[in-house]
Amino acid sequence: MSRLILKDLVKKFDNVAAVNHVSLEVEEGEFVTLLGPSGCGKTTTLRTIAGFYQPDEGEIYFNDRLMNNIPPAKRNTSMCFQSYALFPHMNVWDNIAFGLKMRKISQPEQKKRVAQALEMMSLSGMEKRMPGQLSGGQQQRVALARAIVTQPDILLFDEPLSNLDAKLRVQVRVEIKEMQKRLGITSIYVTHDQDEALAISDRIVVMNQGQIEQVGDPQSIYLHPMTSFVAGFIGLANILSGQVVARKENQVQLELPFGRFWAFAGGLRASVGDTVRFSFRPENVVQYREGSPNKVSATIQHAIFMGDTIDLFLDAKGTRLRARAESAAKLKPGDIAVFSIDETAFQFLE
Amino acid sequence: MKKLLVMMLAMCMLAGVAFAAGPSIDLKTASWDSIVAAAKAEGSVTFYAWYFPDYFKEAAADFEKQYGIKANVIIGDQTANFNKAIAEKDMQTGTIDTMIVGGQWVKTTTDLNLFYGPIRNILPDASKFSNNSWELQEGVLINGYLAPFHRNQTGILYDPDRVKDPPQTWAELVAWINAHPMEFGFCDPSKGGSGQSFVHTAIGALAGGLDKYKGDKELVQSKVANWDQVWKWFNDNKDKMTITVSNNDSIIRMNGGELAMTVAWDDNVKDMISKGNLFKRAKMYIPKMGLAGGGDTLGVLKNASHKAAALVWINFIQSREQQLKKFQMVGAYPARTDMTIEGTLLTEEDRKNNAIPWFPAPYKDFMIKEFVKNVLMK
Amino acid sequence: MAATKQKNLWYVRQARRKRRFTTLLTVFFILVQVLWVGVPIFMTVLWSLVDPNHPWSFPNILPEKLSWGQWMYVFKYTNILRALKTSYTLAPCAVLLSFLFSLPTAYVLGRKQIPGKKFFQTIVLLPIIMPGMVVALFLSRVFNAFGLAQNFFGLVLAHTLMGLPYMIRVLTTSFEAIPQDVIDAAENLGANTFVKIKDIFLPMVRPGLLAGMIFAFTTSIEEFNLTFIIGTPTFETIPTILYSFLGYNFIRTNASVVALIMMIPNIIMLFAVENFLKSDYLSASLGKL
Amino acid sequence: MERKNVSSIDYLLLIPGVGFILLFIGSSIFITITQSFGVLSVTGKSQFTIENWKAIFHDKESLDSILFSLKIGLLSSVGTLLFAFPVALFLRKGGSGKRFLASLIKIPLFIPALVAAFLIINLISYHGIVNEALLALGIIKKPLRMLNDKFGWGVVAIQVWKNLPFVLLILSSSLASIRDDTIDAARNLGAGTFSVLFRIYVPLAMPGILVSMILMFIKAFGDFAIMSVAGPTYPPSIALRMRNTATLFQEWDKAAVLGVIIILTTLFITWLYSRLAEFVTGRK
């Protein structure tokens, strides 16, 4: 088990920086997810940690040990690949035992550990099967077993669930989380699926264009996005900008085309007259009840039934807004309805 | 696999080792007995041929029994044999000791001075062969360098079920061909001697006899000027005759019913019958208009490492018993003049009366080239 | 409703008709193929069994009498045994050499993005593209100069040359087909270069390797031009012997025997390859990607 | 593909394979070219001359051979394609019967060319089974003379018979890469059988068609063995003439000229193919 430190990491391909000055510290036993759209540099970061790429700049430490020049084979990390990367010519047992053999672990110890891993992954009885004879979920388990059996310092996951169907994906991610907690191995997990990231991580690192946008636990990432990229990438958000027209205590009044609204300022340093960017979630735009703040009246353009709620697309004096209503509410396109926005919902962006 | 590789390497090395022993006596002056002794000391002889594998295999066994000398008979491709000999020409010692020299190779090999000799004065049975066969082969002066070892003869082979009254003269043949289009065949003269023999006879018949060419060492242009008539005849009658691709092909097409009559070598026919490739009812004769014969020779390579053994081998092949055995096995008529043979496809009478000699080599070469140019290419 | 039903019926009938047509066509093609391949082979078998004393000649549709006479003759008097021995020692040697030579090359061509790769891949194809007789004839001049003509080792080199393109191509594709993930995984789990070659690369290219070996082997067994020019008359292989029976020495019965001797091991090999290609686990196990 | 940097070791690793081929093929091509100009001549004096080239181009026999080989090459490649393409289409979708059929078809692939030549010779001889069958069916009155025929149909027949499976394999793999969706889409847009064949299958299989035609052409054009066994009395194929010129008449320099002509034709056709392939696949 290791602490992982990335210091000012840069990795270029053909002079284009795939990873651009990334610094990150991961505590022992922590489960950190690198989240971002494809091409954001998350996989490159992961593979640089594994040692498949040499960083062009910056340093990688496991605990206090500089790892830059250590070949992948000596890093004692274990990677779970998107394709599982099982050895097609070896049976399940040999696949799992491979890393132990490489570490010259004694035969009896190998047996014990592989059996344990099989047990843990509910694969007992399948040790003689070839990878080609297994279902996708089973192959996934073998890949996990192969990764943990070597007791790595760091577990690396490269979108390990993207080849599974939706239901299985939810099930396996819970298993991965449980397993990681039980073993307490420091884990770096790469995904582009925000639900997965929110569900599984201790901390999320949102990446975009080779750089870190925001680091934080799932709640703070969701509730307090700090950049418009994070706000837009995670969940749904109305991202707008407006002028500060008044300020009192820890509240500011914002001038928007469809009215003036009071919002909690949080750490906002802006003074009257400044233009600021902010976001709020659709679930914070709710049907107006007597006494609610920040009243908006808007035309309903589309109303999409989602089961427990209705997704609404609104037109508020030319500004498009997303809102959410309880499915009991009888709203249909063309109606004009009145909504309110919670003062605490406003997240000011950089 | 490893074992195999080691074996392979060993084989390669063995092949690379040159045979060091050379004759310690002067073969041209030594007595025959001392040559035989030297041959026994050499212990083996390597002989290249391209036909009669069955006969030569048996001969090798007899040879070893009689002299205790091992004869390695290699039946290779004709052209490949000569190219090997030519490629080894400038080597100190070659890997071939003695070989059959086919008709078409006499000129090339003589020009390249490939053979040791003359050997006529060394071989004890030399006088049992015709003087002419020691002097001239295929119209090339060989001066006793090449030893005759069989005579073969071309004749007309026919299916007696289909040909009742085989033609004897050129006119009769032409009449028959006209009456039975495509049923008469001869092989492309550039691919086989039987075809050459037929064209040779045609020249005799259509261009004023063959006597005028006798004794010429060079081609005399005026004598071939009227060959145009010959080519014209072939072109006019081309779609009434079948031109085959080899001596054997003619015989095989006869067996398959395509041809009723064809020009063929006597030894070939006998061989094909004995192997079940030609019906036994086939008959053969030499027509009165005449067809030529031939015969291959044996030569000892200049850089042979077993010259004495090679000479003993040649003498052995020339012996009465072997000449007879060869005839019985493969139907090749003996070259010796001191023996007569019973039971041949061609009667002795035919051989005596109707076999004719070739015109000189320059004419033969010219004939083949002109045939290709004036008949095949048209 | 009724209309829909009727339409469905039409559809079903159409599909059934199509299936029947396909089956008929398959049977037809199989019949044609049996004739196309079977008849020539059957005729050859008949010719090889013609009794030497009972010629098979027109107008007999079938031979009068069958016997092993022709086979006995060929084995007793021709060089067939020597040629068989040469052919079947030459081929394994050539396969082994071409395997050793092609492995590093195929690795680079399959897994490295080197400049000039296309050029090198074209070079590899040269022995297949270049007309055999030209190469044979003029390579023989080179071989003569270096004492490699009429020499067993020279023949092994020549056969290796002809086997190499198949070997390199097949191995290159095998190397290409290995997902980088699998190699990374091995490396990640602690494998060094030696282990990667021994436990990952070699086993994963094994199907290709076997296919390449079979190709190289049959190429060597069939090779005619180079052997004919460089090897004969010192070394006869089965094709060169067959050629001598087909050319000026055309003797149909003997040629039939030699043709069968040459053909039978190859056809057995074909079925071996068929079976082996079906169990191509490499593609099977990665099918879910 | 490894994204690691290329090192000079990679080029060293190419030597055993690529170097070996380059050494042997390269040296033989080199000798062919030099010898055609009388340089490095093995048969004697070595002197630069273009006489051999002049001689060949004034020699009608050589030209006949070249034309004949070109004709056989072209007919063989087109003939094989015409037989192979429908079969490949038919076999595109497998069933157990078709799988059996496919392995039957593959048999000639493993039959050496010389044996194939011999098998077919047996069939097409004067009273061979083909003629007998045609006679029995009343299609012909007299047997056809197909063996060593002047036109060369016998050679073409052998080439087709022997190489059908080879071409079939190439075509099958390029047809297999056509997705069913593509075909369904075409049908859905109203394409009939004919349109699907000529607007979808043929263009998409074009790279395979070109490759197989080119390989077939090269094979048949430079062929020695089949031509010498089943070819007509005249003209000999160019490879046959070259071999005879060298080993029978010992005129190596002239043979070298023919050799260079064969090589150049082969290279030209290969180049033409690569251009065509670029054109067809639209890549530049």
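Reminder, nothing fancy here: chain letters follow the sequence lines and each chain counts from 1.
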We want to know whether [X] and [Y] form a side-chain donor-acceptor pair, criterion being a heavy-atom distance below 3.5 angstrom.
| X | Y | answer |
| --- | --- | --- |
| B:Thr154 | B:Ser197 | yes |
| C:Ser256 | C:Ser48 | no |
| C:His159 | C:Thr227 | yes |
| C:Glu223 | C:Thr237 | no |
| B:Tyr51 | B:Asp296 | yes |

Ring centroid separation for B:Phe63 and B:Phe56, is it under 6.0 angstrom?
no
For each of C:Thr232, C:Asn53, C:Ile241, tally heavy-atom pairs with chain B at distances under 4.5 Å, and name the one with the top tally.
C:Asn53
Please rank C:Phe58, C:Tyr77, C:Trp47 by heavy-atom pairs under 4.5 Å with chain B and give me the top one.
C:Tyr77
Sort out for me which of B:Ile273, B:Asp271, B:Ile252, B:Ile74 touches chain C most, counting heavy-atom pairs under 4.5 Å.
B:Ile252
Contact origin within [X] toward chain C - heavy atom pairs under 4.5 Å:
| X | value |
| --- | --- |
| B:Tyr48 | side chain |
| B:Ile75 | both |
| B:Lys57 | side chain |
| B:Arg253 | neither |
| B:Ile251 | neither |

Is it the side chain or the backbone of [X] that comes within 4.5 Å of chain B heavy atoms, both, or neither?
| X | result |
| --- | --- |
| C:Asn60 | neither |
| C:Thr234 | both |
| C:Asp51 | backbone |

Could you go step by step and tell me if B:Arg162 and B:Glu183 meet the salt bridge (Lys or Arg N to Asp or Glu O under 4.0 Å) rule?
CA-CA 10 Å; B:Arg162 294 165 71 183; B:Glu183 290 186 33; 3.2 Å; yes
Step by step, work out the salt bridge (Lys or Arg N to Asp or Glu O under 4.0 Å) result for C:Lys76 and B:Asp54.
CA-CA 8 Å; C:Lys76 190 163 173 206; B:Asp54 32 7; over 6 Å; no
